[in-house]
J.: 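Below: one structure in structure tokens.
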Amino acid sequence: MGYTGIPVAALFADVPGFSVVGVQRRSGRSGWKIQCLNEGKNPIGGDEPGLSELIARVVKKGTFMVVEDIAACRDAEAILIDVQTPIDSEKVPVYESLREVSEKIGKYLSSGSLVAIESTVAPGTTKNIVMPILEKSSRMKAGKDFFLAFCYERVMVGRLIKNIVELPRIIGGINEESTKHAMELYGHITKAKLVSTDALTAEVAKVAENTYRDVNIAFSNEMALICESLGVNAYEVRELVNTLPNDPSNPSSNPVRNMLFPGSGVGGHCLPKDPWLLKYGLDNYGRFKFFPKIITDSRAVNDSMPSHVVDLVEDALAEHGKKLKGAKVAILGVAFLENSDDTRNTPSATLYHELKKRGAKPVLHDPIVQRFEISFTNNLDEAIVGADAVVFATKHKEYLRLNLNMLRKKLATPILIDGRNIFDDKTARNAGFTYRGVGKGKNQN
Ligand code: SAJ
């Protein structure tokens with residue numbers, strides 16, 4: 001029951017004639033969601049249009065409940081796998097949950113049922129890892145006695161329901177029969193088109209669409225460093241580049257451009273991980289070996305942005321004759337994405353550790369996040385009062401409304417580091433700040 005499982009379960013539970021059981025381990029981190037959901041409450045923080053009402057409605061009408069025991073899979077006609085598929089420090093996928101639930105699902109699998117994998121996996125995983133486990137524990141044949149398909153999610157915090165209902169869904173069965181069953185199922189919740197293919201192609205497509213985004217962000221981040229060096233504004237450059245018509249319906253008539261935004265880092269459960277899942281698939285199931293340079297270098301560029309932000313802090317402090325060592329630095333924003341409570345792989349953690357490593361005293365603040373492995377505060381004054389610099393790491397709407405004069409008065413040293421193009425540099429300077437922004441050249445003409 002996570003950012004993917006909760007909205008998709010609630011949507012199916014709202015389909016007439018459907019009854020849905022969510023399965024959630026009673027783990028320290030997530031066990032509390034079982035009771036929360038069964039009380040008809042939404043455990044996901046931040047703005048999620050329509051989700052709270054939907055959960056309340058389907059729990060009230062008794063078509064959605066959450067249990068701990070996976071035996072609930074017994075007699076299910078369809079089973080969706082939405083467990084976490086992280087990578088370890090060696091960039092290798094950690095399939096502990098995926099293997100465990102596949103093995104247990106197999107035990108309760110009924111003949112004729114469909115198993116749909118929604119979690120992102122390395123290419124080759126559905127047929128080479130999940131299918132054999134299901135066949136062994138169910139003693140049934142995939143594609144014949146039961147059906148198996150990779151039907152990846154395209155959710156994004158802030159628009160979980162919208163993306164499930166309105167974005168095309170790619171359906172990749174291990175055989176045609178499986179694809180047919182999965183197309184029939186998703187037709188009940190997805191209003192956009194369903195596109196059928198095979199499981200391996202769908203697996204590659206999923207990690208490719210996130211890797212494509214990651215590489216584009218890396219290009220923008222590299223452009224940001226170039227612009228800082230040349231003394232121009234990368235966000236203005238982006239707008240100028242994107243004045244080229246961007247009409248996907250007629251790509252031949254115009255060279256489409258859609259430069260993305262530079263910033264203080266790339267977080268989330270998807271972009272920092274999916275390029276490595278793609279590489280893992282290539283390394284383990286590819287017919288010939290080669291090293292995907294662009295993809296891996298892009299990861300390195302995006303992973304380096306938090307450290308670049310620390311360089312900007314150090315540079316600004318030097319302008320006040322101060323050092324990083326012992327400096328109190330307020331980091332505003334723990335969530336990896338604005339207006340959400342999602343902290344997975346947040347660049348703010350890297351920023352915090354880098355500042356600490358270089359002798360500073362970082363203090364994390366977030367207006368929405370309630371739980372995080374590093375101590376942080378929801379109280380803005382605790383972070384900014386007496387600070388020698390304030391770093392904006394997440395573009396939460398609460399920060400857009402901040403009064404710069406009030407902020408400057410509370411700081412010990414008026415230094416503002418803008419990791420998300422939140423402020424106009426001239427306005428910040430006129431308010432008496434020493435301003436540095438990712439992608440913003442210091443001496444812009
Ligand atoms: N970011 C930038 N510049 C940009 C866009 C994003 O620096 O121009 C940063 C964000 O600040 C954030 C990170 O990248 O730290 C990821 O942001 P995101 O907007 O990609 O959010 P995700 O990771 O939740 O969503 C992505 C989306 N993938 C694509 O658009 C291809 C979403 O559609 C996927 O469903 C999701 O991954 C997923 O679950 O795979």
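Counting convention: from 1, in listed order, for ligands and their atoms alike.
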J.: Give a yes-or-no answer on whether the side chains of Glu209 and Tyr152 include a donor-acceptor pair shorter than 3.5 Å.
T.: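 On atom types as modelled, these side chains qualify, holding a pair under 3.5 Å.
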J.: Where is the nearest protein heavy atom to atom 33 (O) of ligand 1: which residue, which atom, and how far?
T.: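 That would be Arg154 O, 3.7 Å.
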J.: Which one holds for Ile217 and ligand 1: side chain close, backbone close, both close, or neither close, with close meaning a heavy atom under 4.0 Å?
T.: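 It is the side chain that touches ligand 1; the backbone stays farther off.
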J.: Quick one: which ligand 1 atoms are inside 4.0 Å of a heavy atom on Asn210?
T.: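 Contacts of ligand 1 toward Asn210, numbered from 1: 26 (C), 27 (C), 28 (N), 29 (C), 31 (C), 37 (O), 38 (C), 40 (O).
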J.: I need the atoms of ligand 1 closer than 4.0 Å to a non-hydrogen atom of Met156, numbered in the order shown.
T.: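 Selected atoms, number and element: 18 (P), 19 (O), 21 (O), 22 (P), 24 (O), 25 (O), 27 (C), 32 (C), 33 (O).
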J.: Is any side-chain N of the basic residue among Arg169 and Glu118 closer than 4.0 Å to the acidic one's carboxylate O?
T.: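 Judged by the 4.0 Å cut-off on N to carboxylate O distance, Arg169 and Glu118 do form a salt bridge.
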J.: Which atoms of ligand 1 are found less than 4.0 Å from any heavy atom of Glu153?
T.: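 So the atoms of ligand 1 that pass are 35 (O), 38 (C), 39 (O), 40 (O).
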J.: Does a side chain donor of either Gln84 or His269 reach within less than 3.5 Å of an acceptor in the other side chain?
T.: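 Per modelled atom types, Gln84 and His269 side chains form a pair under 3.5 Å.
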J.: For Gly267, counting its heavy atoms only, list the atoms of ligand 1 lying under 4.0 Å from any of them.
T.: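 Heavy-atom distances to Gly267 below 4.0 Å select 12 (C), 13 (C), 15 (O), 16 (C).
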J.: Where is the nearest protein heavy atom to atom 30 (O) of ligand 1: which residue, which atom, and how far?
T.: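 Going atom by atom, the protein heavy atom closest to atom 30 (O) of ligand 1 ends up being Arg213 CD, 3.3 Å.
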J.: Give yes or no for whether the N/O distance cutoff of 3.5 Å, strictly under, is met between Phe261 and ligand 1.
T.: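 Such a contact does occur with ligand 1.
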J.: Flag the pair Asp283 and Lys289 as a salt bridge only when some basic side-chain nitrogen lies within less than 4.0 angstrom of an acidic carboxylate oxygen.
T.: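 Salt bridge flag = no for Lys289 with Asp283.
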J.: Measure up the Tyr399 and His365 rings against each other and bin them: parallel (under 30°), tilted (30 to 60°), perpendicular (over 60°).
T.: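 Tyr399 and His365: tilted rings.
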J.: Measure from atom 36 (C) of ligand 1 to every heavy atom in Asp342, Val155, Val207 and give the option owning the shortest one.
T.: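 Answer by nearest heavy atom: Val155.
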J.: Please compare Leu271, Asp214, Thr394 and report which has the shortest non-hydrogen distance to atom 23 (O) of ligand 1.
T.: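 Closest candidate by heavy-atom distance is Leu271.
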J.: Evaluate the side-chain proximity of Lys357 to His353: yes if any heavy-atom separation is below 4.5 Å, no if none is.
T.: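 Result no, sub-4.5 Å side-chain heavy-atom pair not found.
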J.: For atom 24 (O) of ligand 1, which of Phe336, Tyr212, Tyr3, Tyr152 has the closest heavy atom?
T.: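 Comparing heavy atoms across Phe336, Tyr212, Tyr3, Tyr152, the nearest one to atom 24 (O) of ligand 1 lies in Phe336.
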J.: Quiz question: by atom type and distance under 3.5 Å, do the side chains of Glu203 and Thr125 form a donor-acceptor pair?
T.: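 There is no such pair between these side chains.
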J.: Angle between ring planes, His181 versus Phe147, binned at 30° and 60°: parallel, tilted or perpendicular?
T.: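 Judged by the thresholds at 30° and 60°, the geometry between His181 and Phe147 is parallel.
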J.: Classify the side-chain pair Tyr435/Lys440 by whether it contains a donor and acceptor separated by less than 3.5 Å.
T.: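 Side chains of Tyr435 and Lys440: pair found under 3.5 Å.
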J.: May I ask you to check if ligand 1 and Glu209 share an N or O to N or O distance below 3.5 Å?
T.: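 Checking ligand 1 against Glu209, no N or O pair falls under 3.5 Å apart.
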J.: For ligand 1, find out whether one of its N or O atoms is nearer than 3.5 Å to an N or O atom of Cys270.
T.: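 Between Cys270 and ligand 1, no N or O pair is found under 3.5 Å apart.
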J.: So which of Ser348, Gly265, Ser119 gets nearest to atom 9 (C) of ligand 1, if we judge by its closest heavy atom?
T.: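 Going through Ser348, Gly265, Ser119 one by one, Gly265 has the nearest heavy atom to atom 9 (C) of ligand 1.
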J.: Quick check: Asn163 and ligand 1, any N/O pair under 3.5 Å apart?
T.: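 N/O-N/O distance below 3.5 Å does not exist for this pair.
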J.: Check each atom of ligand 1 against the heavy atoms of Arg420 and keep those under 4.0 Å away; list them by number with element.
T.: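 Every atom of ligand 1 under 4.0 Å from some heavy atom of Arg420: 7 (O), 11 (O).
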J.: Indicate yes or no: does Glu100 engage Lys104 in a salt bridge with an N to O separation below 4.0 Å.
T.: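 Looking at Lys104 together with Glu100, the answer is yes, because their closest N to O distance falls below 4.0 Å.
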J.: Does Lys206 reach ligand 1 with a nitrogen or oxygen that is under 3.5 Å from one of the ligand's nitrogen or oxygen atoms?
T.: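 There is such a contact, yes.
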J.: So which bit of Leu337 gets within less than 4.0 Å of ligand 1, heavy atoms only: side chain, backbone, both or neither?
T.: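 The side chain, only.
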J.: Would Arg436 and Glu228 pass as an ion pair if we require N to O under 4.0 Å?
T.: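 Answer for the salt bridge query: no.
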J.: Mark up the atoms of ligand 1 that fall under 4.0 Å of a heavy atom belonging to Leu260, in ascending order.
T.: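 By the 4.0 Å cutoff, the relevant atoms are 8 (O).
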J.: Just by distance, with hydrogens left out, do Asp214 and Thr211 show a side-chain donor and acceptor under 3.5 Å apart?
T.: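 Side chains of Asp214 and Thr211: no pair found under 3.5 Å.
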